[in-house]
Structure formats: C-alpha cells, structure tokens
Number of protein chains: 2
Amino acid sequence: MKSTFEELSNELKKKKIRLSHQRLKVLEYLTLHLCHPTVEQIYVDLQKEVPTLSKTTIYNTLSSLIESGLVRVITIEDHETRYDIRTENHGHFKCESCGEIYDFNVDIDSLQSVDLNNFKINDKNVYFKGICPRCLLSINKIK
Amino acid sequence: MKSTFEELSNELKKKKIRLSHQRLKVLEYLTLHLCHPTVEQIYVDLQKEVPTLSKTTIYNTLSSLIESGLVRVITIEDHETRYDIRTENHGHFKCESCGEIYDFNVDIDSLQSVDLNNFKINDKNVYFKGICPRCLLSINKIK
DNA sequence: TTTTTACTTTGTAATCGTTACAGATTAATT
DNA sequence: AATTAATCTGTAACGATTACAAAGTAAAAA
Ligand SMILES: [Mn+2]
Ligand SMILES: [Mn+2]
Ligand SMILES: [Zn+2]
Ligand SMILES: [Zn+2]
C-alpha cells in the first residue's frame, strides 16, 4: 500500500494541479477528516502545522479541487459551505439539534424523473434533516 | 373558489400569525412566483407596490412562514438562500449555465436508508445540477 | 545546477447576504 | 377610542467569501 502522501500527489499530478505544500496539506486534511469540515475548521487546524497558511489559500485550493472533481460541496447549511472528499454517491443528514452531519447510504442512481428527460445531470445531492439518535436520547432523558 | 387574498389570510390565521399588510404581500408574491425567488428579488419587486417595505421585514416574514411550515428553504445555491411556497415533496434542478431552478417530480418518500433507522427525519431535499434543455440547445448551436 | 517563468500564496480590503437592535408604527383586543 | 403587544423600519454590525497586488515557489528550460 502506497503512502497517503504519494497517493494524493499522484491524484494532483493526474489532474495537472501543481503539488504545493498547502494543497497537499488541505487534501490530507480532508482524507483524515470525513466530517465535512468548513473552511474555518480546516484553517484553524492546519495553522498548527503550517503557521503561515492563509485562509484565502484554502478557498483557492478547494476551488481547484472541486473543479477537478476531487472534492464535493455540501450546501446542507445555508450560511457556511462544507466540503467532502468522498465523491461517491451518498446522502447527508443534518441533526437540527447538535448540528452534526452524518453520511448515509442511499440509492441515488435510482432517483429518476421523467421531468428531466432532456436535462443533462452532472450532480445529485440528497439532504435530510431531523434529530440524530444521540440527541433523541438526551431529549428523552430530560422529559 | 375563494380569493387568493382570503385563502392566504386564513392560512395565517390558522397558524396564529398576525395578518400584517407586509406578510400578506410576501405570501402573495410567493404564490405568484414559484421560481424560488431570493430575498433580493422579493424586495425589488414588492417595493414597487409597497415603497416603505424594508428588507429586514422580508427576512422576518420568511422566518415565521418557514417556522410555521408554509414556506420551505432551498439551499441548492451556496451563497444565496431561495424560498418555495410549494411544500409538497418535489426535487430541484439547478442549471449551471443559466442559473434557473426547475421543479421536478420525484418519489422522495421511497428514499430510505437502513443507516437512518434510529434517526427522526423532519425534512427531505433532493438537489440535482447540470444543464437545462434550453441551454443544451444553444450550446449545440454554437458548435 | 542555475535561471527563468508562470503559477501560487499571502495579507488586506472590499463585497454582499444576513442578523441585531432600538425607536416608530400598527393589528387586534378591550 | 384607548391599550398593548407584536410588527415594521432604517441603520449598523457581522461573517463568509472574493478581489487584488506584492512576495514566494514549483516546475520547466538552459
Ligand atoms: Mn459525506
Ligand atoms: Mn420548488
Ligand atoms: Zn444530534
Ligand atoms: Zn439553463
């Protein structure tokens, strides 16, 4: 098994994206944190390792990673964008109590609509909202 | 058939929301514009009829309409929230070329996942992105 | 290796959607 | 008509994102 660093480097090379230190760090961060981080979270955490890191760089890096298809955008929240390196089809559930975003398996490919017969579909997203099991438990305890 | 005004008034009364002139206007606007308008669009258009209207009022009104379940939020765009008075289940397609957001019928109820067995689901959203038929046509013409 | 060059990073300022707030207004009740 | 609690309005503040120009650097060329 190759090192993560080497794997990520190859991914960038394939996509003809220059292998800067910052880009590799952001990419590494996303593979280690599958919890759909915000730019702020990535920035605060990576600054510990790369003190000169700029927030603008994270925005720029994410833009090129998204454009090349290595990262997907999660817009389940209306005020802050989240990012996900898992690009294979899956749904997202946001707990309205604790705010956590959960992945779940769902057959997105089976989602068809005759209304979209003449549309070119590039991207499918499924977002659910509600209360997660952990929060349901704590709510019941209070009662 | 009742007048739209009377229908909307009754909706608000049922939900115990005070029937202010501004709220009725926003609600009327949403029933006449099913194209998922932004706050800015609602503001610019309604200002012609209600010159003293404040943008804050539109935000406040939408908040109470959403809370009462009369309006749903569309977060298919990452930078600007859109609103939809059609609360029955349907999917949304955003054309990445012209930006228009289309409704489409899709069996959202059939979307199930064993991963969510112990979750309380309050809301389901399906967002697709791609190119709409009209834009596909104009792209082909250029080639 | 050194040089060159185009791309990237950085910090700051600007932008823009949204929210907070306090005083003026008003819908609904008495 | 008087009362009152909710709503509306305008302005300021906030926060995520983008624009921009100068400094730095990865990769190709010499
Ligand atoms: Mn995910
Ligand atoms: Mn709709
Ligand atoms: Zn939770
Ligand atoms: Zn289009």
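We name chains A, B, ... by the order of the sequence lines, and we start the count at 1 in each one.
An OP1 or OP2 oxygen of C:dT9 is reached within less than 4.0 angstrom by no side-chain nitrogen or oxygen of A:T56. Listed pair B:Q22 / D:dT9 meets the phosphate criterion, a side-chain N or O lying under 4.0 Å from OP1 or OP2.
The separation between B:D78 atom CG and D:dG15 atom C1' is 15 Å, rounded to whole Å. Distance B:I42 CD1 to C:dT18 C1': 14 Å, rounded to the nearest Å. Rounded to an integer number of Å, the gap from NZ of B:K25 to P of D:dT9 is 13 Å. Straight-line distance from the NZ atom of A:K15 to the C1' atom of C:dC7: 20 Å, rounded to whole Å. Rounded to an integer number of Å, the gap from A:N60 CG to C:dC7 P is 14 Å. To the nearest angstrom, C1' of D:dG15 lies 9 Å from OH of A:Y59. Per the geometry, CD belonging to B:E40 stands 10 Å off P belonging to C:dC16, to the nearest Å. The distance from atom CD1 of A:I58 to atom P of C:dG11 is 12 Å, rounded to the nearest whole Å.
Residue B:R23 is the one, among B:K55 and B:R23, whose nearest nucleotide of DNA chain D lies closer to the 5' end (criterion: closest heavy atom). Comparing B:Y43 and B:K16 against DNA chain D, the residue whose closest nucleotide sits nearer the 5' end is B:K16. Along DNA chain C, the nucleotide closest to A:P51 and the one closest to B:E80 are compared, and the more 5′ of them pairs with A:P51.
Identified under the salt bridge (charged side-chain N to carboxylate O under 4.0 Å, His left out) test for residues 32-41 of chain A, with sequence neighbours left out: A:E40-A:K55.
Environment of CD in A:E67: sparse, with no more than 12 heavy atoms of neighbouring residues, nucleotides or ligands closer than 6.0 Å.
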Pairs under 3.5 Å (N/O, protein and nucleotides 21-30 of chain D):
{"unit_1": "D:dA27", "atom_1": "OP1", "unit_2": "A:L19", "atom_2": "N", "d": "3.3"}

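Of the charged side-chain nitrogens involved, at least one lies within less than 4.0 Å of a carboxylate oxygen, so that A:E77 and A:R82 count as a salt-bridged pair. In this structure, A:K94 does not pair ionically with A:E96, as no charged nitrogen and carboxylate oxygen lie closer than 4.0 Å.
Residue B:T52 is classed as a sugar-phosphate contact, given heavy-atom separations below 4.0 Å to backbone atoms only. As judged by a 4.0 angstrom heavy-atom cut-off over every strand, A:T81 is placed among residues touching the sugar-phosphate backbone only.
The aromatic rings of B:Y102 and B:F93 lie perpendicular to each other, with more than 60° between the two planes, well past the 30° mark.
No continuous path of ILVMFWY side-chain contacts below 4.5 Å connects A:V126 to A:V73, so the two sit in separate hydrophobic clusters.
Looking at residues two or more places apart in sequence or on another chain, you find a ring pair (Phe, Tyr, Trp, His ring centres under 6.0 Å) between A:H33 and A:Y29.
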